[in-house]
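Below is one structure, written out as structure tokens, with a few remarks after it.
Lettering follows sequence order; numbering is per chain, from 1. Only this structure's heavy atoms are used, side chains among them; waters, hydrogens and symmetry mates stay out. The shown structure was predicted, so the numbers you read here are calculated from the model rather than taken from an experiment.
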There are 2 protein chains.
Amino acid sequence: MDNKKIEKISKALSDTSRIAILQQVKKKHEGLYCAEVNDLLDLTQPSVSHHLKQLVEADLLIPEKEGRNLKYSLNQKVLDDYIACLSSLKG
Amino acid sequence: MDNKKIEKISKALSDTSRIAILQQVKKKHEGLYCAEVNDLLDLTQPSVSHHLKQLVEADLLIPEKEGRNLKYSLNQKVLDDYIACLSSLKG
DNA sequence: TTCATTAATTCAAATATTTAAATGTTTCTA
DNA sequence: TAGAAACATTTAAATATTTGAATTAATGAA
């Protein structure tokens, strides 16, 4: 994982709304729907869409189409890789 | 560690210059001086100062005065706490 | 096919970040 | 004390991000 990628993931994580989204994704480990984020957090629909996009583009969330719904789940591997990079910063 | 703190640390990590600074800090585990950052990375002095400030304000770096120099070292505990928070996002 | 639902996109406004040039502060040394 | 060195701060310009309103696109159901 290069520095550009670390930057991208960090940027995706640098917003309390997106952190909250990830926490909700954890709770519902079958996968979280876009509309659920809308209900659970106090955000408008376009704003939710924008945040989800950032998380997907950072590869932290995996989108999956289910009819007209979209189910998001955590990309554990990418999170693990990111954590490994941060760990390697330690002495 | 609350979401605001996670946001702050993530933001500090969301810049390739700052990631590079942390990587240099790791290499020189006795502590890195401001002027060294200036030499190692292609940044102007005020820019280095700005980036270091962000890292210090996120508690990732610990500044230590040494005469007219400033020595920076990694705050391992904060990095560990941050990593623990990210790990807890996993199922 | 038509309507309703889900979610993405576009646009604009407000805000935040990055960067360098100029300047200021602190501390060491002669 | 005067000058130099190391670093911080201020300011301004360019750029990026966040957010919501309005709109569009895609899918499912009647």
Side-chain angles (χ1 to χ4, degrees), chain A residues 3-25 28 30-75, chain B residues 3-25 28 30-75:
Chain A
N3 287 4
K4 249 319 187 198
K5 180 73 183 175
I6 299 177
E7 179 188 59
K8 182 122 190 172
I9 294 177
S10 300
K11 199 162 284 186
L13 291 171
S14 67
D15 182 288
T16 50
S17 296
R18 292 194 288 272
I19 296 166
I21 288 174
L22 292 177
Q23 286 162 346
Q24 293 297 334
V25 167
K28 290 212 51 180
E30 327 86 68
L32 190 70
Y33 293 97
C34 187
E36 290 180 293
V37 180
N38 226 303
D39 294 341
L40 292 165
L41 309 181
D42 192 25
L43 296 169
T44 60
Q45 181 270 317
S47 207
V48 168
S49 193
H50 166 73
H51 287 307
L52 287 171
K53 190 179 181 181
Q54 307 258 118
L55 290 168
V56 168
E57 283 178 352
D59 291 321
L60 283 170
L61 286 185
I62 301 170
E64 202 180 334
K65 274 208 114 172
E66 273 194 2
R68 69 186 148 184
N69 294 358
L70 251 156
K71 196 172 73 177
Y72 292 93
S73 50
L74 183 69
N75 190 337
Chain B
N3 287 4
K4 251 315 188 201
K5 181 72 183 174
I6 298 177
E7 180 188 60
K8 183 123 191 171
I9 294 177
S10 300
K11 200 161 283 186
L13 291 170
S14 65
D15 183 288
T16 50
S17 296
R18 291 194 289 270
I19 296 166
I21 288 173
L22 292 177
Q23 286 163 346
Q24 295 297 333
V25 167
K28 292 212 50 183
E30 328 85 69
L32 190 70
Y33 293 96
C34 188
E36 290 179 293
V37 180
N38 228 302
D39 294 341
L40 292 165
L41 309 181
D42 191 24
L43 296 169
T44 61
Q45 181 269 318
S47 208
V48 168
S49 193
H50 166 73
H51 287 307
L52 287 171
K53 189 178 182 182
Q54 307 257 118
L55 291 167
V56 168
E57 284 179 350
D59 292 320
L60 284 169
L61 286 186
I62 301 169
E64 203 180 334
K65 274 207 114 171
E66 273 193 2
R68 67 186 149 183
N69 294 357
L70 251 156
K71 195 172 73 176
Y72 293 92
S73 49
L74 183 68
N75 189 339

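Here the side chain of B/Ser49 pairs no donor or acceptor atom with the backbone of B/Pro46 at under 3.5 angstrom. Side chain of A/Arg18 to backbone of A/Lys11: a donor-acceptor contact under 3.5 angstrom is found.
Atom C1' of nucleotide D/dT27 and atom CD of A/Glu66 are separated by 13 Å, given to the nearest angstrom. Residue B/Leu43 contributes atom CG, which lies 15 Å from atom C1' of D/dC7 at whole-angstrom precision. If you measure from atom CG of A/Leu61 to atom P of C/dA7, you get 14 Å, rounded to the nearest angstrom. Spacing between atom CD of A/Glu7 and atom C1' of C/dT17 amounts to 12 Å, rounded to whole angstrom units. If you take NZ of B/Lys8 and P of C/dA16, they are 12 Å apart, rounded to a whole angstrom. For the pair A/Asp15 CG and C/dT15 C1', the interatomic distance rounds to 13 Å; values are reported in whole Å. B/Asn69 places its CG atom 9 Å from the P atom of C/dC28, with the value rounded to the nearest Å. For B/Leu41 and D/dC7, the CG to C1' distance is 16 Å, given to the nearest whole Å.
Residue B/Lys11 has its side chain nearest to C/dT17 when only C/dT17, C/dA21, C/dT27 are considered. Here the nucleotide nearest the side chain of A/Arg68, chosen from C/dA20, C/dA4, C/dT27, is C/dA4. Here C/dA20 is the nucleotide among C/dA20, C/dT6, D/dA6 with the atom lying nearest to any side-chain atom of B/Thr44.
Using a 4.0 Å cut-off, no side-chain N or O of A/His51 falls inside it from OP1 or OP2 of D/dT17.
Among the protein residues, A/Asn38 comes within range of no part of the nucleic acid, since none of its heavy atoms lies under 4.0 Å from any strand. Looking at heavy-atom distances under 4.0 Å, B/Glu36 makes no contact with the nucleic acid at all. Residue B/Lys65 is in sugar-phosphate contact alone, with no base atom involved, counting any heavy-atom pair closer than 4.0 Å across all strands shown.
Toward the 5' end of DNA chain D, the nearer of the two residues A/Ser47 and B/Tyr33, judged by each one's closest nucleotide, is B/Tyr33.
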Close N/O contacts between protein and nucleotides 8-14 of chain C (under 3.5 Å):
unit_1 : atom_1 : unit_2  : atom_2 : d
C/dA8  : OP1    : A/Tyr72 : OH     : 2.8
C/dA8  : OP2    : A/Ser49 : OG     : 2.7
C/dA8  : N7     : A/Gln45 : NE2    : 2.7
C/dA8  : N6     : A/Gln45 : OE1    : 2.9

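Annotation: side chain of B/Glu36 is in contact with side chain of B/Lys28 (closest heavy-atom distance under 4.5 Å). Between A/Leu22 and A/Leu13, some side-chain heavy-atom pair lies under the 4.5 Å cut-off.
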- Message: Working note: A/Ile9 + A/Lys5, criterion side-chain contact (heavy atoms from CB on, under 4.5 Å); need CA distance, chi angles, decisive distance, verdict.
- Response: CA-CA 6 Å; A/Ile9 294 177; A/Lys5 180 73 183 175; 3.9 Å; yes

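Ion pairing between a basic and an acidic side chain is recognised when a charged N comes within 4.0 Å of a carboxylate O; B/Lys8 and B/Asp59 show no such pairing.
Within 6.0 Å of the CG atom in B/Asp42, the count of heavy atoms belonging to other residues, nucleotides or ligands does not exceed 12.
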